[in-house]
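Chain identifiers are assigned alphabetically (A, B, ...) following the order of the sequence lines, protein sequences preceding nucleic acid strands; residue numbering begins at 1 within each chain.
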Amino acid sequence: MTRDIYMDHGATTPLKEEVLQEMLPYLKEIHGNPSSLHRFGREPRKALEKARERVASALGAEPEEIYFTSGGTEANNLAIQGVARALASRGRHIITSAVEHHAALDAVEYLGSNGFEVTFLPVDEYGMVDPEEVSSAINDGTILVTIMTANNEVGTLQPVEEIGRICRAKGVYFHTDAVQAIGHIPFNMEQMPIDMLSLSAHKFYGPKGVGALYVRRKTRVHKLQFGGGQERKLRPGTENVAGIVGLGKAIELVTANVEEKSRNLSRLRDRLVEGLLELPDVRLNGHPTRRLPGNVNVSVFYVEGESLLLSLDMKGIAASSGSACTSGSLEPSHVLMAIGLDHQAAQGSLRFTLGEGNTEEEVDYTTEAMREVVERLRKMSSVYKK
Amino acid sequence: MYSEKVMDHFQNPRNAGEMESPDGVGEVGNMKCGDIMKIFIKVEDDLISDIKFLTFGCGAAIASSSVLTEMIKGKTIEEALAVSNKDVADELGGLPAPKMHCSNLAADALHKAIDDYKNKSKST
Ligand code: FES
């Protein structure tokens with residue numbers, strides 16, 4: 001009885017059949033370059049613009065505010081470095097948080113070692129940024145605040161609207177990395193005080209290698225790479241047509257009935273949280289309620305994350321961990337450190353990210369599997385004191 | 001990313017658990033990721049008659065402890081001291097590069113356990 005329980009949707013999601021079907025013609029028959037004037041170019045061009053409209057309508061934005069990229073990482077880099085280049089003569093201060101994804105954090109750090117002044121705001125024990133701190137960190141030289149909508153590791157939702165309002169009142173651009181949030185939280189850019197927003201298709205049942213940056217009209221951003229005139233000159237390079245078509249379809253599907261889907265997923269999440277917290281010496285990381293509907297992050301004391309992952313994998317369950325032993329760099333997750341976990345609690349961290357297709361039965365099976373696995377590993381743990 | 005042998009030792013660890021009144025105990029911490037390995041030995045007539053381990057660490061660390069206990073059981077003190085970090089990794093059929101330091105823990109903990117045994121037998 002091998003099971004196939006995928007609880008790592010925060011890493012990536014499976015491609016939806018309907019999305020694949022829309023993409024297929026653009027991988028084969030419709031091979032033209034959207035920049036070509038002849039009829040071979042017209043069809044992919046149309047598909048590109050249709051995808052742009054779909055993304056725009058999913059976000060409550062205008063099509064000309066959507067720029068396709070190679071994914072979330074590029075979108076974050078384009079926003080952060082692009083604003084830095086555009087506004088360097090006006091100011092050289094950038095504000096971010098300690099719990100951003102590396103695609104944002106490292107871009108800001110890079111600017112910090114290249115003539116910019118950067119502020120990394122701390123978070124509370126739940127991983128939340130205090131909007132008051134954003135407000136007091138802004139100075140005359142501040143050109144950009146970048147704070148993620150939802151944390152990829154512990155799932156904490158940031159008060160982005162409040163932060164956005166503060167930025168707007170002070171005339172500072174606000175960018176948010178919404179890579180984890182699309183499909184879980186409704187967005188309406190017309191009403192939300194957000195100037196730029198990053199997203200990535202493969203996090204919401206679309207293909208890998210494609211994403212987008214929303215850029216509010218009149219926001220000043222410079223391109224990072226040089227080439228042709230694609231994406232209104234902000235992002236040169238022949239478009240990943242099939243990928244973009246897939247992104248358009250995927251975002252249309254995932255943003256339909258967001259509230260209802262989120263409610264159902266939250267119920268499943270809470271069931272898993274409850275089950276896991278019944279095990280001895282387990283704590284929930286992140287905020288108890290203000291968190292992504294599919295995110296469960298726990299620390300299992302006295303055991304190490306990689307050994308948990310391997311054991312779960314043998315039972316057919318796919319999850320992830322912020323343990324140093326799984327990181328390659330042998331450093332524990334910066335997010336877990338920022339919320340104040342000690343080294344050992346970070347070592348025992350485990351993240352389950354639920355998504356479409358997960359069932360109550362799978363959640364209960366996982367809780368049971370965890371009971372066995374944790375008991376087994378604790379028996380051979382050198383730090384476990386019964 | 002792990003060999004079958006690593007997975008086998010991880011899944012069915014040999015000689016895992018605490019030991020009642022051991023003759024020597026060695027504990028080492030992993031400077032890199034903060035994990036901790038403990039080796040317990042029983043010595044009879046210069047032979048390591050029993051050996052157990054407790055490990056807080058990754059799959060490679062657990063497998064390394066397990067395979068070490070298999071390699072060492074029944075060996076003389078001298079033979080045991082000759083077992084190197086590399087021997088442990090080799091016995092597992094190799095480890096991915098970033099995991100080599102985990103296997104180092106095993107031999108280090110063993111050597112410490114032997115030191116501990118020697119110190120104790122000196123003082124009695
Ligand atoms: S014990 Fe941490 S990487 Fe092996």
J.: Just wondering, are more than 12 heavy atoms of other shown residues or ligands nearer than 6.0 Å to NZ in B/Lys86?
T.: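 Atom NZ in B/Lys86 is not packed in, count stays at 12 or less.
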J.: B/Asp108: what forms a salt bridge (charged side-chain N to carboxylate O under 4.0 Å, His left out) with it, not counting sequence neighbours?
T.: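 Per chain and number, B/Asp108 pairs via salt bridge (charged side-chain N to carboxylate O under 4.0 Å, His left out) with no residue.
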J.: How close do A/Glu306 and B/Cys58 get, heavy atom to heavy atom, and via which atoms?
T.: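 Smallest heavy-atom distance, with atoms named: OE1-CB, 3.6 Å.
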J.: To the nearest 0.5 Å, what is the distance between OG on A/Ser382 and CZ on B/Phe40?
T.: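 Taking OG in A/Ser382 and CZ in B/Phe40, the distance rounds to 8.5 Å.
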J.: Would a distance-only check, ignoring hydrogens and angles, find a side-chain to backbone donor-acceptor pair under 3.5 Å from A/Gln347 to B/Cys33?
T.: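 A pair under 3.5 Å: yes.
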J.: Tell me the closest heavy-atom pair linking B/Phe56 and A/Tyr302, and the distance in Å.
T.: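 Result for this residue pair: CD1-O, 3.4 Å.
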J.: Between B/Met7 and chain A, with a heavy-atom cut-off of 4.5 Å, which part of the residue counts as in contact: side chain, backbone, both or neither?
T.: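 For B/Met7, side-chain heavy atoms alone lie under 4.5 Å from chain A.
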J.: Heavy-atom count check: over 12 atoms from other residues, nucleotides or ligands less than 6.0 Å from A/Tyr6 OH?
T.: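 Yes, enclosed.
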J.: Rounded to the nearest 0.5 Å, how far does CZ of B/Phe10 lie from OG of A/Ser311?
T.: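 Nearest 0.5 Å value for the OG-CZ distance: 3.0 Å.
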J.: First locate atom OG of B/Ser66, then atom CE of A/Met380, and finally report the distance between them rounded to the nearest 0.5 Å.
T.: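 Separation between the atoms: 8.5 Å.
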J.: Working to the nearest 0.5 angstrom, can you tell me the gap between A/Glu304 CD and B/Thr55 OG1?
T.: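 Rounded to the nearest 0.5 Å, the CD-OG1 separation comes out at 11.0 Å.
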J.: Given a strict heavy-atom distance threshold of 4.5 Å, which part of B/Ala97 is in contact with chain A: side chain, backbone, both, or neither?
T.: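 No part of B/Ala97 comes within 4.5 Å of chain A.
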J.: Less than 4.5 Å to any heavy atom of chain A: does that hold for the side chain of B/Ile36, its backbone, both, or neither?
T.: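 Both parts, heavy atoms under 4.5 Å.
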J.: If I compare all heavy atoms of A/Leu310 with all of B/Tyr2, which pair ends up nearest, and what's the gap?
T.: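 So the two residues come closest at CD1-CE1, 3.6 Å.
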J.: Any idea which heavy atoms bring A/Arg376 and B/Gln11 closest together, and the distance?
T.: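 For A/Arg376 and B/Gln11, the tightest heavy-atom pair comes out as NH1-O, 3.0 Å.
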J.: Kindly compute the distance separating SG (B/Cys102) from CG (A/Leu330), expressed to the nearest 0.5 Å.
T.: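 One gets 7.5 Å once the value is rounded to the nearest 0.5 Å.
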J.: Give a yes or no on this: more than 12 heavy atoms of other residues, nucleotides or ligands lie within 6.0 Å of atom CG of A/Asn114.
T.: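 Buried by this count: over 12 neighbours within 6.0 Å.
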J.: Taking every heavy-atom pair that is under 4.5 Å apart, which of A/Glu331, A/Met314, A/Gln344 has the most such pairs with chain B?
T.: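 Option with the greatest count: A/Met314.
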J.: Can you tell me if CD on A/Glu361 sees more than 12 non-hydrogen neighbours from other groups inside 6.0 Å?
T.: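 More than 12 heavy atoms, drawn from other residues, nucleotides or ligands, come within 6.0 Å of this atom.
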J.: Taking atom OH of A/Tyr110 as the centre, report whether more than 12 heavy atoms of other residues, nucleotides or ligands fall under 6.0 Å from it.
T.: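 For A/Tyr110, atom OH is not crowded (no more than 12 foreign heavy atoms under 6.0 Å).
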J.: Can you tell me which portion of B/Lys99 sits under 4.5 Å from chain A's heavy atoms? Options are side chain, backbone, both or neither.
T.: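 Side chain only.
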